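Working notes, structure below.
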Amino acid sequence: MSWENEAELALEQLTRMVPETYRELARANARAEAEVAAGEREATSVGPEDVIVGWIRMTPAEQRDGLVAIIESLGHDPLEYTDELEAPEQGYE
């Protein structure tokens with residue numbers, strides 16, 4: 001799936017917040033989740049909104065409150081992501 005430049009930038013900004021030791025793992029997981037989010041909306045490319053949704057999904061539910069300020073810092077309205085922010089954590093068994 002292709003990626004919009006703004007999506008790549010959002011992913012880079014988010015992964016810079018992760019300790020270097022875990023950065024590549026976080027980037028890979030976020031990339032995969034963003035592509036799933038884009039697929040769910042039947043898009044042909046990943047947009048920055050998909051990256052944010054993917055990042056939310058890979059963040060433990062008890063830590064998502066901290067994402068509100070991060071989403072705002074990326075220039076997005078956290079209210080647009082309320083459903084994702086309040087969704088139960090997806091398990092990977």
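Just so you know, these numbers come straight off a predicted model, no measurement behind them.
- Using a 4.5 Å cut-off between side-chain heavy atoms of Ile, Leu, Val, Met, Phe, Trp and Tyr, with links allowed through other members, Leu67 and Leu9 fall into different hydrophobic clusters.
- Between Gly54 and Glu33, the closest heavy-atom pair is CA-CB, 3.5 Å.
- Note: Glu40 CD to Glu35 CD = 12.5 Å, rounded to the nearest 0.5 Å.
- Taking CD from Glu49 and CD from Glu4, the interatomic distance works out to 7.5 Å, rounded to the nearest 0.5 Å.
- Using a 4.0 Å cut-off between charged nitrogen and carboxylate oxygen, Arg31 and Glu8 count as a salt-bridge pair.
- Between Ala37 and Val53, the closest heavy-atom pair is CB-CG1, 3.8 Å.
- Between the CD1 atom in Ile70 and the CE atom in Met17 there is a gap of 4.5 Å [rounded to 0.5 Å].
- Residues Met58 and Ala26 come closest through the heavy atom pair CE-O, 3.6 Å.
- Environment of CD in Glu20: sparse, with no more than 12 heavy atoms of neighbouring residues, nucleotides or ligands closer than 6.0 Å.
- A continuous path of Ile, Leu, Val, Met, Phe, Trp and Tyr side chains, each step under 4.5 Å between heavy atoms, connects Val51 with Val18, placing both in one hydrophobic cluster.
- Taken to the nearest 0.5 Å, the CG atom of Asp50 stands 12.0 Å off from the CD atom of Glu6.
- Leu14 and Val36 sit in two unconnected hydrophobic clusters of ILVMFWY residues. Membership requires side-chain heavy atoms under 4.5 Å apart, directly or through other members.
- Here the shortest heavy-atom pairing between Thr44 and Met1 reads O-CG, 3.8 Å.
- Of the possible polar contacts, one joining the Arg64 side chain to the Ile56 backbone as a donor-acceptor pair under 3.5 Å is found.
- For the pair Arg23 and Arg16, the tightest heavy-atom approach, listed with the atom from each and the gap, is NH2-O, 3.7 Å.
- Across all their heavy atoms, Gly47 and Ala7 have their closest contact at C-CB, 3.5 Å.
- In this structure, CG in Leu25 is found 11.0 Å from CZ in Arg27, a value given to the nearest 0.5 Å.
- Looking at Trp55 and Ile71, their side chains never come closer than 4.5 Å, going by heavy atoms from C-beta outward.
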